Amino acid sequence: MSRTRHIRGSRLATAGIAAGAATLLAATLSPTAHAADRPTPSTAIANAASALVAHAAGLGLTAAEDTSVRDVIVDADGTQHVRYDRTYRQLPVLGGDFVVHLAPNGSYRSADRATRNSISLASVTPKVAPPRAADLAVNALRAANLGEALKGVTAKPQLIVDALHGTPKLAWRTNAVAKDSLGNPVARTVLTDARTGAQIDAWDSVETATGDGKSLYSGTVPLETTLSGSTYQLKDATRGGTYTGDAANKTDLCILGICISRAPSTVFTDTDNHWGTGATSDRSSAAVDAQYGTNETWDYYKTVHGRNGIAGDGKGSYNRVHYGNSYNNAFWDDSCFCMTYGDGDGTQLGPLVALDVAGHEMTHGVTSKTAALTYSGESGGLNEATSDIMGTLVEWYANNSSDLGDYLIGEKIVRSGFGKAALRFMDQPSKDGNSADCWSSSVGNLDVHYSSGVANHFAYLLAEGSGAKTLNGVSYNSPTCNGSSVAGIGRDKLGAIWYRALTVYMTSSTNYAGARTATLNAAKDLYGTGSSEYNAVAAAWSAVNVG
């Protein structure tokens, strides 16, 4: 997954930081020049640059390291939060990200770091050659796909510094990609020790979930479209130009991590601005669902959290429907800034364009632009849970009578052959047969879609509380892992706390203990230490054995 870094930081020699800070300060208002005004993002960056000079040692920064700004948040009271990535001797540092927190007057308050290990490598010359790292990654991809015959296998190693897994070390990060027997994409990112060739970690690279228009799942819905000549396009200028296109059942062709051709995204058109029939036989019906899901997700983040688009920059993403053949998946891809939906195999899953799936997958984009939770171990479970939590809140926000809010994930897309009523169940995650209800030291060894259960369970308890309850005709009975009774504080407060924790306090390496701290910090910011909301967060985490 690629990330766009908007502003390049200065080299972390003291003189270099000072020069960069001076340049930024000269181009922006001093925080004391108009103290009554809310600082701008540029002012926050300038203030943070000064903080890097004064607190370089505490942040583990040395002259061998560079930084770049990933994200900036300025609270209503002027408090500033600037998120950084770092490089070491020009190599990306996995786990090198950190967030600097500043007072309204621009003074330094604190920082959250993904890791606290200092970086000092004797050499950045690998002993393992790139072709060997590529071979190891391809073997890992084949093993993860149970030896299935794969086509078009490619792998592109990138030399990095791994600071996530203990003592920082030189490593190869290799994205191995291929197509399965149906021509659908599979991919796996593999971390390899660049000195010994030992595998450090590996994870799936595709983050999954799984006018007016007649949709497959949400009834007849309103759509903003674009008139071009005498033809309407399924393109929404009011939401950053988001649009939905037909992938024509084709897939992307990527070699060495670079997509040399992509499945098409031919924008859907219509002559009367009434789209779809509500049946799969009309290809535009699935497009209606995808566009509607994009709209509701955009509106949820903007209306509830003040976030203007997935990246926070007002730019729209796009959708591709009818991707691949009987493709039982949907995914967000940073490199195209797009959502892609398969049609399902019709036996286990139908077209994967349901509202909560759209909210889930697009939230992966939000996560990649903020905390960038690593997609393995406990942080990977939190990445998936973030998408489940926010996707669920999108569904409740939409208040669609054909797809009422619930705490079931993907309930609209499952078919009889799947054997369960939904992909996942937030009130008691273990009902899917794989997910964890409670934290234990082994949770990080589970697939990220199953380790996410701990945070999903926490989120349900925080919103609704423990015990039996019926909501919108769905019965829930959420247990606790410590035998306690938990009182919920509602979905709105759950969303506010989780979003602030994600965008302000979590980092790429945040685990469950760190998520407890992050959400408590968020609750403290929003409602105060010792508030009923703060105490409810603590109680809900304890109820799933975290803390």
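Predicted model, so just to flag it, every value in this text is computed and none were measured.
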Salt-bridge test for Glu224 and Arg239: reply yes if a basic N is under 4.0 Å from a carboxylate O, no otherwise.
-> no
Is any NZ, NE, NH1 or NH2 atom of the basic residue among Asp75 and Arg500 found under 4.0 Å from an Asp or Glu carboxylate oxygen of the other?
->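 A salt bridge links Asp75 with Arg500.
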So does [X] have more than 12 non-hydrogen atoms from other groups sitting under 6.0 Å from [atom1]?
X      : atom1 : value
Lys214 : NZ    : no
Lys250 : NZ    : no
Asp492 : CG    : no

Assess the pair Phe331 and Tyr323: is the distance between their ring centroids shorter than 6.0 Å?
->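 Under 6.0 Å, so yes.
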For Phe337, is the NZ or CZ atom of Lys315 found under 6.0 angstrom from the centre of its six-membered ring and inside 45 degrees of the ring axis?
->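 No, a cation-pi geometry is absent between Lys315 and Phe337.
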Apply salt bridge (charged side-chain N to carboxylate O under 4.0 Å, His left out) to the pair Arg320 and Asp333, showing each step before the final yes or no.
-> CA-CA 11 Å; Arg320 300 183 296 181; Asp333 186 346; 5.4 Å; no
Please examine the side chains of [Y] and [X], heavy atoms only from C-beta on, and report whether any two atoms are closer than 4.5 Å.
X      : Y      : answer
Asp334 : His364 : no
Cys336 : Arg262 : yes
Tyr505 : His101 : yes

Inter-residue atom distance [X].[atom1] - [Y].[atom2], 0.5 Å rounding:
X      : Y      : atom1 : atom2 : answer
Met362 : Cys338 : CE    : SG    : 10.5 Å
Asn511 : Met506 : CG    : CE    : 10.0 Å
Thr510 : Asn383 : OG1   : CG    : 11.0 Å

What residues form a ring-ring contact (aromatic ring centres under 6.0 Å, His included) with Tyr407, not counting sequence neighbours?
-> Trp396, Tyr460, Tyr476
Only counting residues at least two apart or in another chain, list the ones meeting ring-ring contact (aromatic ring centres under 6.0 Å, His included) with Phe418.
->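 Checked Phe418 against ring-ring contact (aromatic ring centres under 6.0 Å, His included); zero matches.
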Step-by-step ring-ring contact (aromatic ring centres under 6.0 Å, His included) determination, Tyr534 to Tyr527 = CA-CA 7 Å; Tyr534 182 93; Tyr527 308 109; over 10 Å; no
Residue among Asp437, Asp356, Asp406, Asp388 satisfying salt bridge (Lys or Arg N to Asp or Glu O under 4.0 Å) with Arg424 = Asp388
